[in-house]
Engineer: 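Sharing a structure below in structure tokens format, with a few things to ask.
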Amino acid sequence: MTFRTLDDAGSLAGKTALVRVDFNVPMEGGKVTDDTRLRVALPTIEKLRQAGAKVALLAHFDRPKGQVVPSMSLKPLVQPLSELLGAPVRFAEDCVGGPAHAAIADLDAGGVVLLENVRFHAAEEANDAEFATSLAELADLYVNDAFSAAHRAHASTEGVAHHLPAYAGESMRRELEALDAALGNPKTPVIGIVGGAKVSTKLDLLKNLVGKLDRLAIGGGMANTFLFAQGVDIGGSLAERDMADTAREIMNEAKVKGCELLLPVDFVVATEVKPGAQSRPVTAGDSLSADDKILDAGPATVARLVEAITASKTLIWNGPLGVFEVQPFDAATVAVAQHAAALAKAGTLIAVGGGGDTVSALNHAGVVDDMTFVSTAGGAFLEWMEGKALPGVEALRA
Ligand code: ADP
Ligand code: MG
């Protein structure tokens, strides 16, 4: 996968870079409660500043739906960003037109301005060509550092890239390189783990993965649907019983494509989902009662997964193996995550994970720093796992 990066941009001294960042940070009462996304943007901002460029930051916040909604202003981010950068950050009351041009004109080389919420303009999400041109008029080059917004073809993520030289920022580059190492051009054998609640939300993902992976382990509530389709008793477990045909199709497709499917061979079962609930181990095929729920993978399944991961060079993971939010049903997810992270730390496995609840689960297991890469991109990460082209990434191709 080749895409243009800031190393391809030549001399940046005196130029203005329009930088699309993801500043959709959690806020409470006008205060940023988690500045992770601000920190993620720092390497690109620093690199541009050091090269003597002016930096105009472009971002969306929340869903103002094309209206100016004062509570969704990006202004509260100016101070925390300025503190992280150790440099002043100006603010422009609009991301296009007079206020934006004036704020940029006022910057010295290496200066930074945060432009107001781009979604205050309905033309942003409509990917309006005139609006994209207005954005492009602000700068000499465009830098996209927001992988998490790259699955949307909006003016600030896609349209503007057609009007300026366009480059991947440092975080975008890091994410694309990690994803390429996990699924684009991975070291084989490659194993995938797909878990979570439902088959129906991950059909495209499963179909793409069985065509690409050497092994695919299915876990979580989703595995129940596959087991049910094979005639295994799943009692009163969460499952999409009407998706049994689809599950059989996927199993067939895996066989045709030479992807070995690993379904759970044992489970942890309980009658209620609450902390410390009485639970018992069950072997797949044993009969369950109507109020039994499969809430986690069992020890034999974990052992098999650990062995399969050890025999692999690359792991791509989305979806927990059990109801990890409630102990003890986090056990399988935690054990497998810690094994994968240890191999990644030792350098024998490339281990990449992502997805909303998956990030929480990997955090809960304490492994995020040791994994090769954990994507917090949510929707963009899932679409990439589904094999879809992301408009914001396509626009950066060399
Ligand atoms: P992600 O957000 O990472 O893509 P999902 O949203 O697909 O992941 O799935 C996460 C959810 O799946 C978690 O809330 C977890 O409790 C649930 N889950 C996992 N295993 C089971 C199970 N056996 N029964 C019910 N829910 C499960
Ligand atoms: Mg989720």
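Atoms within a ligand are numbered from 1 in the order they appear, just like the ligands themselves. What you see is a predicted model; the values in this text were computed from it and never measured. FYI, the numbering just counts along the sequence from 1.
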Engineer: List, one per line, each side-chain donor-acceptor pair under 3.5 Å for residues 335-355, sequence neighbours excluded.
Structural biologist:
from	atom 1	to	atom 2	distance (Å)
Gln338	NE2	Ala365	O	3.1
His339	NE2	Val306	O	3.3
His339	NE2	Thr310	OG1	2.8
Thr348	OG1	Leu343	O	3.4

Engineer: Which residue pairs pass the salt bridge (charged side-chain N to carboxylate O under 4.0 Å, His left out) test when at least one of the two sits in residues 56-84, sequence neighbours left out?
Structural biologist: Lys75-Glu93
Engineer: Below the 2.8 Å mark, what number of protein N, O or S atoms do you get around the Mg ion (ligand 2)?
Structural biologist: 1
Engineer: Would one find an N or O of Asp296, backbone or side chain, under 3.5 Å from an N or O of ligand 1?
Structural biologist: no
Engineer: Give me the nearest non-hydrogen protein atom to atom 18 (N) of ligand 1 as residue plus atom name, then the distance to 0.1 Å.
Structural biologist: Gly322 O, 3.9 Å
Engineer: Looking at non-hydrogen atoms alone, which of Lys293, Lys202, Glu325 comes nearest to atom 13 (C) of ligand 1?
Structural biologist: Glu325
Engineer: Heavy atom under 4.0 Å from ligand 1: found in Leu238's side chain, backbone, both, or neither?
Structural biologist: side chain
Engineer: Met222 near ligand 1, heavy-atom distance under 4.0 Å?
Structural biologist: no
Engineer: Do side-chain atoms of Thr283 reach the backbone of Asp266 as a donor and acceptor pair under 3.5 angstrom?
Structural biologist: no
Engineer: In sequence, state the C-alpha distance, the side-chain angles, and the governing distance for Lys47 and Asp7, and then conclude on salt bridge (Lys or Arg N to Asp or Glu O under 4.0 Å).
Structural biologist: CA-CA 10 Å; Lys47 187 163 178 147; Asp7 296 334; 2.9 Å; yes
Engineer: Ion pair present between Glu394 and Arg397, side-chain N to carboxylate O less than 4.0 angstrom?
Structural biologist: yes
Engineer: Does any N or O of ligand 1 fall below 3.5 Å from an N or O anywhere on Pro320, backbone included?
Structural biologist: no
Engineer: Distance to 0.1 Å, residue and atom name: give those for the protein heavy atom nearest to atom 3 (O) of ligand 1.
Structural biologist: Thr358 OG1, 2.4 Å
Engineer: For atom 21 (C) of ligand 1, which of Gly355, Gly221, Gly356 has the closest heavy atom?
Structural biologist: Gly221
Engineer: Can you list the steps and then say if Asp145 with Arg173 is a salt bridge (Lys or Arg N to Asp or Glu O under 4.0 Å)?
Structural biologist: CA-CA 8 Å; Asp145 212 22; Arg173 174 223 289 257; over 6 Å; no
Engineer: For ligand 1 and Ala197, I'd like to know whether there is a polar contact (N/O to N/O, distance under 3.5 Å).
Structural biologist: yes
Engineer: Using distance alone, determine whether Leu321 and ligand 1 share an N or O pair under 3.5 Å.
Structural biologist: no
Engineer: Can a side-chain donor-acceptor contact be found between Ser156 and Arg20 if the only test is distance below 3.5 angstrom?
Structural biologist: yes
Engineer: Have a look at ligand 1 and work out which part of Asn318, if any, has a heavy atom under 4.0 Å from it: side chain, backbone, both or neither.
Structural biologist: side chain
Engineer: Kindly compute the distance separating CG (Leu183) from CG (Leu209), expressed to the nearest 0.5 Å.
Structural biologist: 6.0 Å
Engineer: Ligand 1 and Thr201, any nitrogen or oxygen pair closer than 3.5 angstrom?
Structural biologist: no
Engineer: Short list, please: which atoms of ligand 1 are under 4.0 Å from a heavy atom of Ile294?
Structural biologist: 22 (C), 23 (N), 24 (N)
Engineer: Which residues satisfy the ring pair (Phe, Tyr, Trp, His ring centres under 6.0 Å) test with His154, sequence neighbours excluded?
Structural biologist: none
